[in-house]
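Just below is one structure, and these are the notes that go with it.
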Amino acid sequence: MIGLYAPGDSVVHRLPAGPKLVLLVVAIVAMTVFARTPLAVVGIAVLVALLFALARVSLRVAVAQIRPVLWMTVIIGVFQVLTTTPARAFVVCGILLVSVALAALVTVTTRVTAMLDALTRALGPLRRIGVDPERVSLLLALAIRCVPLLAGIVHDVAEARRARGVSWSATALVTPVVVRALRTADAMGDALAARGIDD
C-alpha cells in the first residue's frame, strides 16, 4: 500500500521518528542545493535504493511509493527539456523522484503516531504564540492519510472503468474521482465533528 507503515525490525525501523524526519529534511535540502549533475542524482538514487534494502522493504512496496508521481514527473521532464536541457531535466526529475522515495521510506518505516508525537514535541515552544501543536499534528495526520486514500480512489475508479471496457477519457475519470473524494471528505468531516473537532 502507498504510504502505509510496513512493520519491521530493521535499523531504519528502529531509528526514532524525530531524527528520521530531521534527516529527511536535511537530505532533501542538500540534494536540491548540491546535486547538479545526472551522475550525482544517479549516485543518490543508488544510496536511497540501498536504504530501502537495509530497511528490508520489498521491491513491490518501494515501486508503489513513486508510481503515483510518475505522470507528473514526465510532464515536468518534458517541460524542462523544452525550456532547458535534457541533463537539467534529468536532474530535476531525479531529485523529485528521490525526494518522494525518501519521504516514502520514512512513512513505511515509521508509525504515523510516532511521527506526530515527534512533531507535537517539536512544535511545543510555539504554544507561546498561539499555535496548537495537537491541531497541527492532526492536520498533518489527515494529510498523510489522504494521500494514499486519494491514490486508492483513483486506482479503484480506473480499474472499474477498465473492467467495463470503457475507453479512456480524462473527464470520465476525473468526475467520479472528484465525487468519491468529496463524499469521503464529507464523511471524514462528520466523523471529526462527532468527536468535537469542528472549529
Side-chain angles (χ1 to χ4, degrees), residues 1-33 35 44-45 47-70 72-73 94-155 181 184-185 187-199:
M1 290 294 293
I2 302 170
L4 297 182
Y5 175 71
D9 61 351
S10 69
V11 174
V12 182
H13 281 83
R14 292 196 298 269
L15 188 66
K20 270 196 274 196
L21 292 172
V22 171
L23 288 172
L24 173 64
V25 173
V26 170
I28 292 176
V29 171
M31 278 191 298
T32 304
V33 174
I44 294 169
L47 289 175
V48 173
L50 290 175
L51 287 174
F52 270 92
L54 181 64
R56 296 195 282 277
V57 175
S58 70
L59 180 62
R60 179 183 60 83
V61 172
V63 171
Q65 307 310 307
I66 62 173
R67 187 180 295 125
V69 300
L70 288 178
M72 181 175 66
T73 305
I95 289 175
L96 173 61
L97 289 176
V98 171
S99 298
V100 170
L102 272 176
L105 179 62
V106 171
T107 59
V108 298
T109 60
T110 313
R111 295 185 185 278
V112 173
T113 51
M115 287 190 284
L116 297 180
D117 287 344
L119 288 170
T120 300
R121 289 194 298 272
L123 294 172
L126 297 182
R127 288 183 189 275
R128 299 173 184 174
I129 59 174
V131 176
D132 186 342
E134 284 75 19
R135 285 188 177 268
V136 174
S137 295
L138 175 62
L139 176 63
L140 291 171
L142 291 175
I144 291 170
R145 181 65 190 96
C146 285
V147 171
L149 183 61
L150 185 57
I153 289 174
V154 173
H155 179 268
T184 302
M188 190 177 294
D190 289 343
L192 291 173
R195 288 164 175 78
I197 307 172
D198 58 354
D199 56 345

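Along the sequence shown, residues are numbered consecutively beginning with 1.
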Show me the donor-acceptor pairs within less than 3.5 Å that the side chains of residues 110-120 make with the rest of the protein, sequence neighbours left out.
residue	atom	partner	partner atom	Å
T110	OG1	K20	NZ	2.7
T110	OG1	V106	O	2.8
T120	OG1	L116	O	2.8
T120	OG1	S137	OG	2.6

Donor-acceptor list for residues 23-31 side chains, cut-off 3.5 Å, not counting sequence neighbours:
none

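Taking the side chain as every heavy atom from C-beta outward, D9 and R56 approach each other to under 4.5 Å.
Contact between L54 and S10 at its shortest, heavy atoms only, is O-CB, 3.4 Å. Across all non-hydrogen atoms, the minimal contact from I95 to A35 is CD1-O, 3.8 Å. The minimum heavy-atom distance between T73 and L97, with the atom names listed, is OG1-CD2, 3.5 Å.
A search for side-chain hydrogen bond (donor to acceptor under 3.5 Å, both in side chains) contacts involving T32 returns nothing, not counting sequence neighbours. By the side-chain contact (heavy atoms from CB on, under 4.5 Å) test, R128 pairs with no residue at all, sequence neighbours left out. Evaluation of the side-chain hydrogen bond (donor to acceptor under 3.5 Å, both in side chains) rule for R127 yields E134 as partners, not counting sequence neighbours. Looking at residues two or more places apart in sequence or on another chain, you find a side-chain contact (heavy atoms from CB on, under 4.5 Å) between L59 and V63.
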Between L15 and T109, does a side chain to side chain contact (heavy atoms under 4.5 Å, CB included) hold up when you go through it step by step? CA-CA 9 Å; L15 188 66; T109 60; over 6 Å; no

